[in-house]
Amino acid sequence: MKEVRTRFAPSPTGFMHVGNLRTALYEYLIAKSSNGKFVLRIEDTDQERLVEGAVDVIYDTLKQVGIVHDEGPDVGGPYGPYVQSQRKDMYLPYAQELVKNGKAYYCFCTKERLDSLNEGENAFGGYDRHCRDLSQEEADKLLKEGVPYVIRQKMPITGSTTFVDAVYGEITIENSELEDQILIKSDGYPTYNFANVIDDHLMNITHVVRGCEYLTSTPKYNLLYEAFGWELPTYVHLPMIMGKNEDGSVSKLSKRHGSTGFSDLVNDGYLPEAIINYIALLGWCPKDNQEVFTLQGLVEHFSIDGISKSQSIFDYDKLTWLNGEYLRAMTLEQFTQLAMPSYKQVFPQTDLNWDLMSSILQPRVTQLNQIADMIGFFKELPEYSAELFVNKKSKTNLENSVTMLEAAIPVLERLDTWTAEAIHDTLLALPEQLEVKNGTLLWPVRIAAAGMTVTPGGAIEILAILGKDETLRRLNIGLEKLKEANKE
RNA sequence: GGCUCGUUCGUCAAGAGGUUAAGACACCGCCCUUUCACGGCGGGUUCACGGGUUCGAAUCCCGUACGAGUCACCA
C-alpha cells in the first residue's frame with residue numbers, strides 16, 4: 001500500500017481563518033491516522049498579494065496547535081523547494097509540453113478584449129476561445145514579436161467528466177461548463193490551479209484535501225492529470241464553515257459573525273487545544289460520538305467517512321463550553337500559569353493568594369480574557385447601593401444586615417490567622433448563636449466585601465483573598481451604608 | 001441565470017428500510033449551595049415539502065422549495 005501523503009497549501013495572506021486551520025487539521029489527521037506524511041507547501045504565485053511576515057503566521061499557528069509537518073520550507077524534505085515562487089521555473093516546461101501535445105495553447109488576447117467580452121448586452125460570460133485555433137505559424141510569429149501571452153488549457157467541447165470524491169461521491173460535470181483556464185499567467189507565474197496539479201504530482205500527494213468550493217473545478221484538474229498521463233489523487237472535499245446572521249440567514253463565516261482567525265480566537269481567551277478540538281467536530285463526527293479529544297486522540301479516531309457533506313455553523317457557545325472543559329481539566333498550577341497575565345494586569349505590584357484565587361476562578365472561567373473583569377472588585381470596591389443587602393432567599397433586609405455585620409466585624413478583628421479555614425470557622429459559629437441560617441449572615445458579609453451581588457467564590461474565599469485590613473475596611477463601609485439607609 | 005452540492009431539535013450531530021429518532025451545546029425547571037459557577041436530575045411538535053417504491057421510509061427513487069458553492073491572468 002502506498003504511503004499516504006497530504007499537504008497543506010496555504011497562500012500567505014497573514015491571516016489563518018478557522019476554515020483554513022480545519023483543512024490543515026483534517027489533512028494532518030488523514031495522513032497521521034494512516035502513518036503517512038503531512039507536507040506544508042506555500043502557494044505564493046500571486047505576486048500582487050504578497051504580505052510581509054505572512055509565512056510566519058502559518059508556522060506559528062501550526063506550532064501552537066501542535067500540528068507538525070514532516071516536510072516544508074523550514075524543515076526541508078525530498079521534494080523541495082516547498083515554496084512555489086522558488087519553483088517558478090518548473091511549471092513552464094510542463095505547460096509547453098501540453099501545447100506541444102495539443103492540450104493547451106498560447107493566448108494573446110489583451111485584458112481589454114477579455115473585459116469587453118463580459119460587458120454590455122452581448123456579455124459572453126467567460127473566454128470565447130479566440131486564440132484556441134490560432135495556427136502554429138501565427139502563434140510563433142506573435143511569440144517572436146514579444147507579444148505578451150498566457151497559456152490556456154484546451155478543454156474538450158463535448159462530453160462530460162466524472163470523478164469520485166471521498167466525501168461527496170460520484171460527481172459529473174459537462175465539459176461544456178469548463179472554461180479554457182489559464183495555466184501560465186502573463187507574468188510567467190503559474191495559476192494556482194496549474195501549480196497545484198504539478199506540485200501535488202511531483203510531491204507524490206495521494207489525498208487532495210480542500211474546501212468544497214473546489215468541487216466543481218475538479219474536472220479541470222483531472223483533465224490535466226490525464227493530459228500528462230498521471231495517476232489521479234483521492235479527492236476529499238470539505239463542507240464549508242458558516243456563520244449565522246442576525247436575521248437568521250446563513251453565510252460564509254466572516255468577521256461580522258465574530259472572530260474568524262485563529263489568533264483572534266486566542267485573543268478572545270480560547271486555548272489552542274480547545275479551538276482544534278472544536279474545529280475537528282465541525283463537520284466530522286467520530287463513531288462513538290466522543291467530544292473531548294487531544295490532537296493525538298483525534299489522530300487515533302479520525303476517519304474520512306465521518307466527514308459530513310453539509311455545511312455547519314460555527315457555534316461560539318459550544319467552543320466556549322469546550323474551552324471551559326479544558327480549563328477545568330487542568331491542574332491548579334497550570335491554571336494559575338495561564339491566568340497570571342490577567343492577574344498581573346489587574347495587580348501589577350501586589351501579590352495575592354493566587355492559588356486561592358485560581359481555585360475560585362477555575363470552575364467559573366470559560367475564556368481567559370474574562371478573568372481581569374472578574375477580579376477587578378478585589379482591587380477596588382465598586383460603588384454600590386444599600387439595596388444589594390436585601391435578599392429574599394437569604395432572608396436579609398436593611399435592618400438585620402446591620403446586626404450581621406456588627407456581629408461579624410468584632411470576631412474578625414480578633415482573628416489572627418487569616419486563612420480561609422479560620423475565617424470559615426469563625427464566621428460559621430455566628431449564625432447558630434444568632435439563630436439565623438448561614439445565608440443570612442454570609443449574604444451581607446459578601447455584599448459588603450465585594451460590593452456586588454454576583455461574585456466568583458463565596459464570602460469566605462473573598463475575605464481570605466482581601467486580607468484582614470481591607471476586609472474590615474469594607475465591612476465597616478457596608479455598615480455605615482446600611483445605617484445611612486436605615487435613617488432615611 | 002447555468003452548473004454542482006446540500007437539507008434530522010435554535011446549533012453541532014448519531015442514524016445505512018422495522019429505534020420510544022441517540023448524545024452534546026444553548027435554553028427552561030428542580031436539586032445541591034454562601035451569590036454566581038461547577039455538579040446532579042428533568043423538560044421541548046426535530047427528520048424541509050409533495051409524490052412514488054415497499055407490509056413498513058428520516059433512510060431508496062422522482063419532483064418542488066430553500067440554502068450554499070462555482071462560473072478571474074485570486075487562491
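Hydrogens, waters and symmetry mates play no part in the numbers below; they use all other heavy atoms, side chains included. Reminder, nothing fancy here: chain letters follow the sequence lines and each chain counts from 1.
Between the side chain of A:K287 and the base of B:A14, no donor-acceptor pair under 3.5 Å is found. In terms of polar N and O atoms assigned as donor or acceptor, the side chain of A:R446 comes within less than 3.5 Å of the base of B:U35 in a complementary pairing.
Contacts of A:V454 with the nucleic acid, taken as non-hydrogen atoms under 4.0 Å apart, include base atoms. Within the nucleic acid shown, A:M452 has no heavy atom closer than 4.0 Å to any nucleic acid atom. Base contact: A:G457 has a heavy atom under 4.0 Å from a base atom. A:I173 comes within 4.0 angstrom of the backbone, heavy atoms only, and of no base. A:S251 comes within 4.0 angstrom of nothing in the nucleic acid, heavy atoms only. Heavy atoms of A:S312 sit under 4.0 angstrom from primed sugar atoms or phosphate atoms, though from no base atom. In this structure, A:Y214 reaches the bases: a heavy-atom distance under 4.0 Å links it to at least one base atom across the strands shown.
Remark: the separation of the P atoms in B:C12 and B:A68 is 14 Å, to the nearest Å. Going from the P atom of B:A16 to that of B:G23 covers 16 Å, rounded to whole Å. Spacing of P atoms, B:C36 relative to B:C28, comes out at 13 Å, to the nearest Å. Nucleotides B:A13 and B:C31 are separated by 29 Å at their C1' atoms, to the nearest Å.
The stretch residues 353-374 of chain A comes close to RNA chain B through A:P363, A:R364, each having a heavy atom under 4.0 Å from the strand.
Cation-pi geometry between A:R152 and A:Y106 is not satisfied (NZ or CZ under 6.0 Å from the ring centre, within 45° of the ring normal).
Proximity of the aromatic rings of A:F302 and A:Y26 is defined here by a centroid distance below 6.0 angstrom, and this criterion is met.
Classification of A:D305 and A:K287 as a salt-bridged pair holds, one side-chain N sitting under 4.0 Å from a carboxylate O. Classification of A:D199 and A:R87 as a salt-bridged pair holds, one side-chain N sitting under 4.0 Å from a carboxylate O. Salt bridge status for A:K220 with A:E177: absent, with no side-chain N to carboxylate O gap under 4.0 Å. A salt bridge links A:R41 with A:D200: the closest approach of a Lys/Arg side-chain nitrogen to an acidic carboxylate oxygen falls below 4.0 angstrom.
Taking the six-membered ring where tryptophan is involved, the planes of A:Y343 and A:W354 are essentially parallel, since the angle between them stays under 30° and well short of 60°. Classified by interplanar angle (parallel below 30°, tilted 30° to 60°, perpendicular above 60°), the ring pair A:H69/A:Y59 is parallel.
Along RNA chain B, the nucleotide nearest to A:N438 and the one nearest to A:K244 differ in position, and the one closer to the 5' end is contacted by A:K244. Of the two residues contacting RNA chain B, namely A:S186 and A:E177, the nearest-nucleotide position lying further toward the 5' end is that of A:E177.
Side-chain contact annotation: A:S259 with A:D268, donor-acceptor N/O pair under 3.5 Å present.
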Under 3.5 Å between N/O atoms: give me all the protein pairs with nucleotides 59-63 of chain B, atom names plus distance.
none

